[in-house]
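Read the structure below first, then the notes.
Chain identifiers are assigned alphabetically (A, B, ...) following the order of the sequence lines, protein sequences preceding nucleic acid strands; residue numbering begins at 1 within each chain. Note that these values count all heavy atoms, side chains included, but never hydrogens, waters or copies made by symmetry.
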Number of protein chains: 2
Amino acid sequence: METITIKDIAKALNLSTSTVSRALRNSYEINPETKKLVMEYAERMNYRPNPIALSLKDSKSKSIGVIIPEIANHFFSQLINGIESIAYNLGYHVVIFQSHDSYEREVANTNYLVSRRVDGLLVSLASLTTNLIHFQELMEKGLPIVFLDRVPNDIETHKVVADNFRGSYEATEHLILSGRKRIAHLTSPIYLSITTERLAGYKKALEDYGIPFDESYVKYCLYGGKIKAENEAAIEEMLNLPEPPDAIFTASDRLTTGCMAVFQRKGIRVPDEIAIVGFTNISVADLLNPPLTTVMQPAMEMGQQAVELLIRLIEHPQKDEKFETRSLKTALTIRASSVGKTVV
Amino acid sequence: METITIKDIAKALNLSTSTVSRALRNSYEINPETKKLVMEYAERMNYRPNPIALSLKDSKSKSIGVIIPEIANHFFSQLINGIESIAYNLGYHVVIFQSHDSYEREVANTNYLVSRRVDGLLVSLASLTTNLIHFQELMEKGLPIVFLDRVPNDIETHKVVADNFRGSYEATEHLILSGRKRIAHLTSPIYLSITTERLAGYKKALEDYGIPFDESYVKYCLYGGKIKAENEAAIEEMLNLPEPPDAIFTASDRLTTGCMAVFQRKGIRVPDEIAIVGFTNISVADLLNPPLTTVMQPAMEMGQQAVELLIRLIEHPQKDEKFETRSLKTALTIRASSVGKTVV
DNA sequence: GTGAAAGCGCTAACAA
DNA sequence: TTGTTAGCGCTTTCAC
């Protein structure tokens, strides 16, 4: 790869590298003629500065690292699109890593990105992460980090989340108002922020409508629906309760489609036998059988806001920064999967 | 970010940086005692070599660049998973960029990745790319590139594709055998390899079964279904033909779901009025209404094979390398969207 | 067995 | 206005 360097230009033009460097950066101290000479030559030779050299020099890279649980997921891929659209315009590159919900991989990815000198980190926690020191240490060292979606409670920084409480409340309320009495909740591991927030919204709605909360109607899936058997077992358990639920509110993409698959396989009619509302950004909710009532998160916008906050943090580091947690509205779209009374 | 360097270790241990460097790389010429001393200290201080410095030194980065049209797409996100799984195990990092099917962004991404010194490139062409010199130049300079899925005809290198011809043939054949007479084909821009291959399979099946090929039954969507109106217009045109099709074979994820959405909106009954088979890796084909007959590509495996080929190319550069094009089998899964005779 | 020095590409403090 | 030099972190000749 014989790429051209500043040195080559200097040699060709009989100048010093520093002169060339300054000319290229359009420094005021360089003679306009020299500048022109250098710039034209550089242009002609298709000179591109070596970002690695730059990074080595000042430990900056004009790139930000993104660590998310997985890419093959509507919510996260939309998130990425939001992040990229803004980052790109602001001159930053985005490096994406998947934790696959593993703590070890999250740590490994973090270390790698840091060693690669990313200027900041955008993180949605792995579901199996409970220990946060790898992030805390970095923040103490001054690395800007913004969390989104799955955020930690005990780290002080900018955070961008969906209004999970409200979204969950509305979903549950909708089921109640549609006449459902025994509403189950299928959700992610309990130590995720999204889990507790969604659970709280669910509980509050039940409470507000005078429906007693029943612990046996809530199932936590450690692998968030990625392991079919786990999903299936949880649903099975619910259906075998003395009083099986007549509605289910699922807390994520995977849990929702997994749940519908189970119903289909078992020949359980939706919404006749059981209604379902999913907290999901699946793009084909309309086309499902039956069309799926969803709580959609503004994924794209969440990504955009998070990256804006991060870049602000990167470019204007302030010790006394007021950190904010932005909570964006979700959107309940009612479709056939949750309306229609159970046939008794 | 006060990360520890070799210099720090040298100073602390009263050694030279070269000794420390050699000790860390377990060089034979270093005294075992010194080695132990250095290694233990490094371990204790949590020393991590700076990959940027290494990259600068020998223009290698142990990372590979991936350029794909988009992430928010089942096929491509599975592809990425395949790539990452292998790359990770072989000690390579994966940097992903989206071209969003724009030629300019593809070029920009390529340039950036090269300047970042990726050791090789994995590319699925943007649908609007016709000019390939940006890749050709790099290959001439010795940068290994492997193409997958959307591959160029006129570049000699490893390629990994699905057996588009066969997949397409089988889909069309299936529709014919189900009694369909007027089979339309909704597809991507004509200058993509996948388009011509799929078109060829479609034509061959028609031919083999004695059905005349009718150009007006084929529509090319320049934006591959990402622009709703385009999609809709194409379908509209078909439906308004004197003899509208009784089946449609769609060539991609987006085109397929877009098509189903149009049918739903217009109240066109599938498969009664029109059958549909999609070339798609959508994960919820089973849950759609009606369940969708699909030709699935082995996306994960395609990613794995491509990255294997690429890494082989990187680690054993051979001038006289025999390049291979691997063609992986697709899988036709028949569901309700294509079976059942049109109600006359 | 260990150290000094050069170099990867670039910038910036200091000289001229 | 331009050049010299040092340094970012690391490896690698070449000396000792």
Side-chain angles (χ1 to χ4, degrees), chain A residues 1-39 41-42 45-63 111-112 114-119 141-142, chain B residues 1-39 41-42 45-63 111-112 114-119 141-142:
Chain A
M1 307 272 4
E2 350 80 23
T3 36
I4 182 167
T5 73
I6 275 195
K7 206 166 159 186
D8 299 325
I9 301 181
K11 206 173 297 170
L13 265 41
N14 239 308
L15 291 166
S16 76
T17 58
S18 44
T19 303
V20 174
S21 171
R22 278 181 284 228
L24 288 172
R25 330 196 73 238
N26 205 3
S27 158
Y28 67 97
E29 27 180 22
I30 297 294
N31 182 323
E33 305 228 327
T34 316
K35 229 183 242 181
K36 190 155 167 267
L37 197 66
V38 171
M39 287 187 158
Y41 186 80
M45 300 306 281
N46 200 21
Y47 167 78
R48 295 279 173 274
N50 180 336
I52 303 217
L54 289 172
S55 298
L56 183 59
K57 184 112 199 40
D58 43 54
S59 290
K60 284 208 173 318
S61 59
K62 275 283 187 180
S63 70
N111 289 337
Y112 181 73
V114 169
S115 74
R116 274 275 156 209
R117 298 293 182 277
V118 290
D119 299 335
K141 289 189 188 166
Chain B
M1 309 276 359
E2 349 81 20
T3 36
I4 182 167
T5 74
I6 275 195
K7 206 166 159 186
D8 300 324
I9 301 181
K11 207 173 296 169
L13 265 39
N14 239 308
L15 292 166
S16 77
T17 57
S18 36
T19 303
V20 174
S21 171
R22 277 182 282 230
L24 288 172
R25 330 197 73 239
N26 205 5
S27 159
Y28 67 95
E29 28 180 22
I30 297 294
N31 182 323
E33 305 228 326
T34 317
K35 230 182 240 180
K36 189 154 167 268
L37 195 68
V38 171
M39 287 189 157
Y41 185 80
M45 300 306 280
N46 199 22
Y47 168 78
R48 294 278 173 277
N50 180 337
I52 304 217
L54 290 172
S55 298
L56 183 58
K57 187 109 199 40
D58 42 54
S59 289
K60 285 215 172 314
S61 59
K62 276 281 187 181
S63 69
N111 288 336
Y112 180 74
V114 169
S115 73
R116 274 276 157 206
R117 297 291 182 276
V118 290
D119 299 333
K141 289 190 188 165

note = chain A vs DNA chain D, heavy-atom contacts under 4.0 Å, first-to-last nucleotide span, 5' to 3', is D/dT1 to D/dG9

Looking at [Y], is its backbone amide N or carbonyl O close enough to the side chain of [X] to form a donor-acceptor pair, meaning the two atoms are under 3.5 Å apart?
{"X": "B/Lys60", "Y": "B/Leu54", "value": "no"}
{"X": "A/Ser61", "Y": "A/Arg117", "value": "yes"}
{"X": "A/Ser115", "Y": "B/Asn50", "value": "no"}

message = Tell me the interatomic distance from B/Ile6, atom CD1, to C/dT2, atom P, rounded to whole angstroms.
response = 15 Å

ask   = Can you check the A/Ile4 CD1 to C/dC8 P distance for me, whole Å?
value = 15 Å

request  = Working to the nearest 0.5 Å, report the span between OH of A/Tyr47 and OG1 of A/Thr3.
outcome  = 9.5 Å

request  = Identify, between A/Thr17 and B/Tyr47, the residue whose nearest nucleotide on DNA chain D lies closer to the 5' end.
outcome  = A/Thr17

inquiry  = Go nucleotide by nucleotide along DNA chain C from the 5' end; which of A/Thr19 and A/Lys7 gets its closest nucleotide reached first?
reply    = A/Lys7

ask   = Who are the side chain to side chain contact (heavy atoms under 4.5 Å, CB included) partners of B/Val118, not counting sequence neighbours?
value = B/Ser63, B/Leu113, B/Leu121

query = For A/Tyr41 and A/Ile4, what are the C-alpha separation, side-chain angles and deciding distance, and is it a side-chain contact (heavy atoms from CB on, under 4.5 Å)?
reply = CA-CA 11 Å; A/Tyr41 186 80; A/Ile4 182 167; 4.3 Å; yes

Of all heavy-atom pairs between [X] and [Y], which one has the smallest distance, and what is that distance?
{"X": "A/Met39", "Y": "A/Ala23", "answer": "CE-O, 3.3 Å"}
{"X": "B/Arg116", "Y": "A/Ser55", "answer": "NH2-OG, 3.3 Å"}
{"X": "B/Ala42", "Y": "B/Ile9", "answer": "CB-CD1, 3.9 Å"}
{"X": "B/Lys62", "Y": "B/Asp119", "answer": "N-OD2, 2.6 Å"}
{"X": "B/Arg48", "Y": "B/Asn46", "answer": "NH2-OD1, 3.1 Å"}
{"X": "A/Leu56", "Y": "B/Leu56", "answer": "CD2-CD2, 3.1 Å"}

message = Filter on salt bridge (charged side-chain N to carboxylate O under 4.0 Å, His left out), then keep only pairs touching residues 15-31 of chain A, sequence neighbours left out; what's left?
response = A/Arg22-A/Glu29

Measure all distances between protein nitrogen or oxygen atoms and nitrogen or oxygen atoms of nucleotides 13-16 of chain C, and list the pairs falling under 3.5 Å.
from	atom 1	to	atom 2	distance (Å)
C/dA13	N6	A/Arg22	NH1	3.4

ask   = Quick one: bend of the helix from C/dG1-D/dC16 to C/dA16-D/dT1 from 5 pairs per end, to 10°?
value = 60°

key: Residues from residues 48-58 of chain A lying under 4.0 Å of DNA chain D - heavy atoms   = A/Leu56, A/Lys57

